[in-house]
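These notes are about the structure you will find just below.
Remember, predicted model here, so these are calculated numbers, not experimental data. Only heavy atoms go into these numbers, but all of them, side chains included; no hydrogens, no water, no symmetry mates.
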Amino acid sequence: MKDARIETLANNLLKNAVRLKEHENILIEILGEDSIPLAKELIKQAENMKANPYFNIINYEILREMLLHANEEQIKLYAKHDLERMKDMDCYIGIRASNNTAELVDVPKEKMELYNTYYNLPVHFEERVKHTRWCILRYPNASMAQMSHMSLENFEDFYFNVCNLDYTKMEKAMDPLVELMNKTDKVHILGEGTDLTFSIKGIPAEKYFGTFNIPDGEVATAPVKTSVNGYITYNTETTYNGITFNNVRFEFKNGKIIKATANKEKEINEILDTDEGARYIGEFALGLNPYVENVIGDTLFDEKIRGSFHFTPGDGLEESDNGNRSAIHWDIVNIQTPEYGGGEIWFDDVLVRKDGRFVLKELEGLNPENLL
């Protein structure tokens, strides 16, 4: 029996997220075969819209085997063909449904650096992000349910409730925050183990409401590259290159991460040494999704948690671009609701959000009860 929720999600992805038009080319890329039902529905609906769907399947076990022994020229050639295909695309939907989120954890650091630099950077950061209308999402499977400490049935219900919500109300409520951030110079963030200052002057704010990611719900900008000073202690786990980190703490001087500690200090510093831009921040964003309340261990959900913010080492965003370039873009989340220790965000010495709730009257529409 066909799940009507999959049909709804596919329709929202094609018509609202990537805004697919007649005769356009769209690449449906799945990372893990569990997402095949959604991929099939996307192709079916794209064909009904008289567009041209294409697909690609990436299996992490096979990718791992290749990366373990790959050299620079091999990865460059691998990227060359995928890059040419991406250049032919108008739209892109990437669906991730790995059975093992740690599949790449034992790939040597130097191999992952080659992959990030010569594949991810040109194919995704430079071409897909900048030249297609794109959306990235996960697909509910046993791995994600287990990671979330939920049964598969309950996780599926949670997933489709979050992903299929009507983002129209949220989009309108975001406008006052975007306007305020565009007028703001100094940002000051306080919390447990966190005292951070930086400027966002002249960096445009942008709102995400079901376009680039599903689930969605964030307003993002970026710090002026050399303006960040102080320290931040993240209170959520984060995974990069298959390695899970916790107790992540960064110290900044003139924008640069000068000290990084975590449960795996060697590994986190290796990632931050990928290139010069990896130790600078490319994104500062506030999480707003009222349905996402707790960490489930997946960035696409965790970065949207109501009352959170993420402060991202690496490559800058396309619209909110502060000029930082890097092969990495690592969204690490800090939650400021009372359950996670609280915290404050100040714009130009005015308190904007306290303990995860907006305190300015013009921003109260973004508090959870007004978005549900």
Quick one: [atom1] on [X] to [atom2] on [Y], what's the gap to the nearest 0.5 Å?
| X | Y | atom1 | atom2 | answer |
| --- | --- | --- | --- | --- |
| Ile43 | Asn48 | CD1 | CG | 12.0 Å |
| Ile28 | Glu41 | CD1 | CD | 11.0 Å |
| Tyr291 | Cys163 | OH | SG | 12.5 Å |
| Leu351 | Leu360 | CG | CG | 7.5 Å |
| Leu288 | Ile305 | CG | CD1 | 12.0 Å |
| Thr184 | Ile200 | OG1 | CD1 | 5.0 Å |

Hydrophobic cluster identity match, [X] and [Y], side-chain contacts under 4.5 Å:
| X | Y | result |
| --- | --- | --- |
| Leu63 | Leu27 | yes |
| Ile203 | Phe309 | no |
| Leu83 | Leu77 | no |

Is any side-chain N of the basic residue among [X] and [Y] closer than 4.0 Å to the acidic one's carboxylate O?
| X | Y | answer |
| --- | --- | --- |
| Lys80 | Glu84 | no |
| Lys207 | Glu171 | yes |
| Arg85 | Asp88 | no |

Please report the C-alpha distance between Trp330 and Ile268 in whole Å, then the side-chain angles of each, then the deciding distance to 0.1 Å, and finally whether the side-chain contact (heavy atoms from CB on, under 4.5 Å) criterion is met.
-> CA-CA 11 Å; Trp330 188 359; Ile268 199 168; 3.7 Å; yes
For the backbone of [Y] and the side chain of [X], can you confirm whether one donor and one acceptor N or O come within less than 3.5 Å of each other?
| X | Y | value |
| --- | --- | --- |
| Asn289 | Glu218 | no |
| Asn213 | Asp216 | no |
| Arg353 | Gly307 | yes |
| Asp34 | Ser98 | no |
| Tyr340 | Asn235 | no |
| Asp355 | Pro338 | no |
| Asp315 | Ala327 | no |
| Ser199 | Lys201 | yes |
| Gln45 | Glu7 | yes |
| Lys304 | Leu300 | yes |

Only pairs at least two apart or in different chains count here, so list each ring pair (Phe, Tyr, Trp, His ring centres under 6.0 Å) that has a residue in residues 195-223.
->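 Qualifying pairs, neighbours excluded: Trp134-Phe212, Phe198-Phe284, Phe198-Phe311, Tyr208-Phe212.
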Within a reach of under 6.0 Å around NZ of Lys21, are more than 12 heavy atoms found that belong to other residues, nucleotides or ligands?
-> yes
Residues, nucleotides or ligands: over 12 heavy atoms within 6.0 Å of Phe55 CZ | no
Start with the C-alpha distance between Asn269 and Arg279, add both sets of side-chain angles, then the distance that settles side chain to side chain donor-acceptor pair (under 3.5 Å), and finish with yes or no.
-> CA-CA 9 Å; Asn269 280 281; Arg279 284 189 178 266; 2.9 Å; yes
So, Thr239 and Thr244: side-chain donor and acceptor under 3.5 Å apart, yes or no?
->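 Thr244 and Thr239 do have a side-chain donor-acceptor pair below 3.5 Å.
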Do we see a donor-acceptor contact under 3.5 Å between the side chains of Ser326 and Asp275?
-> yes
Residue list, ring-ring contact (aromatic ring centres under 6.0 Å, His included) with Tyr115, at least two apart or on another chain =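 Per chain and number, Tyr115 pairs via ring-ring contact (aromatic ring centres under 6.0 Å, His included) with Tyr119.
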With sequence neighbours excluded, tell me which residues meet ring-ring contact (aromatic ring centres under 6.0 Å, His included) with Phe347.
->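 Listed in chain order: nothing, the list is empty.
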Kindly state each residue pair satisfying salt bridge (Lys or Arg N to Asp or Glu O under 4.0 Å) with at least one member in [range], sequence neighbours excluded.
| range | result |
| --- | --- |
| residues 136-165 | Arg5-Asp157, Arg138-Asp298 |
| residues 221-239 | none |
| residues 329-341 | none |
| residues 183-196 | Lys186-Asp349 |

Hey, does [Y] have a side-chain heavy atom less than 4.5 Å from the side chain of [X]?
| X | Y | value |
| --- | --- | --- |
| Val187 | Thr221 | no |
| Glu344 | His188 | no |
| Asp302 | Ile296 | yes |
| Leu68 | Glu65 | yes |
| Asn116 | Asn241 | yes |
| Asn100 | Ser143 | no |
| Ile281 | Asn324 | no |
| Glu283 | Ser320 | no |

Could you check Tyr240 against Ile328 for side-chain contact (heavy atoms from CB on, under 4.5 Å), going step by step and ending with a plain yes or no?
-> CA-CA 9 Å; Tyr240 199 87; Ile328 78 166; 3.1 Å; yes
Taking the six-membered ring for Trp, are Tyr234 and Phe250 ring centroids under 6.0 Å apart?
-> yes
Can you list every pair that meets side-chain hydrogen bond (donor to acceptor under 3.5 Å, both in side chains) and has a residue in [range], with sequence neighbours left out?
| range | answer |
| --- | --- |
| residues 250-264 | Arg249-Glu251 |
| residues 358-372 | Arg357-Glu369 |
| residues 22-32 | Glu24-Arg133, Asn25-Asn52, Glu29-Asn56, Glu29-Tyr92 |

Quick one: which of Leu42, Ile214, Ile136, Leu38 gives a side chain to side chain contact (heavy atoms under 4.5 Å, CB included) with Ile93?
->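 Answer to the side chain to side chain contact (heavy atoms under 4.5 Å, CB included) test with Ile93 among Leu42, Ile214, Ile136, Leu38: Leu42.
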By the rule that ILVMFWY residues connect when side-chain heavy atoms come within less than 4.5 angstrom, directly or transitively, which residues belong alongside Ile258?
-> none
Sequence neighbours left out, what passes side-chain hydrogen bond (donor to acceptor under 3.5 Å, both in side chains) with Arg19? Give chain and number order.
-> none
Please name the pair of heavy atoms, one in Ile26 and one in Ala46, separated by the smallest distance, quoted to 0.1 Å.
->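 What the structure gives for the nearest pair is CG2-CB, 4.3 Å.
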What are the two closest non-hydrogen atoms of Met181 and Ala205, and how far apart are they?
-> CB-CB, 3.9 Å
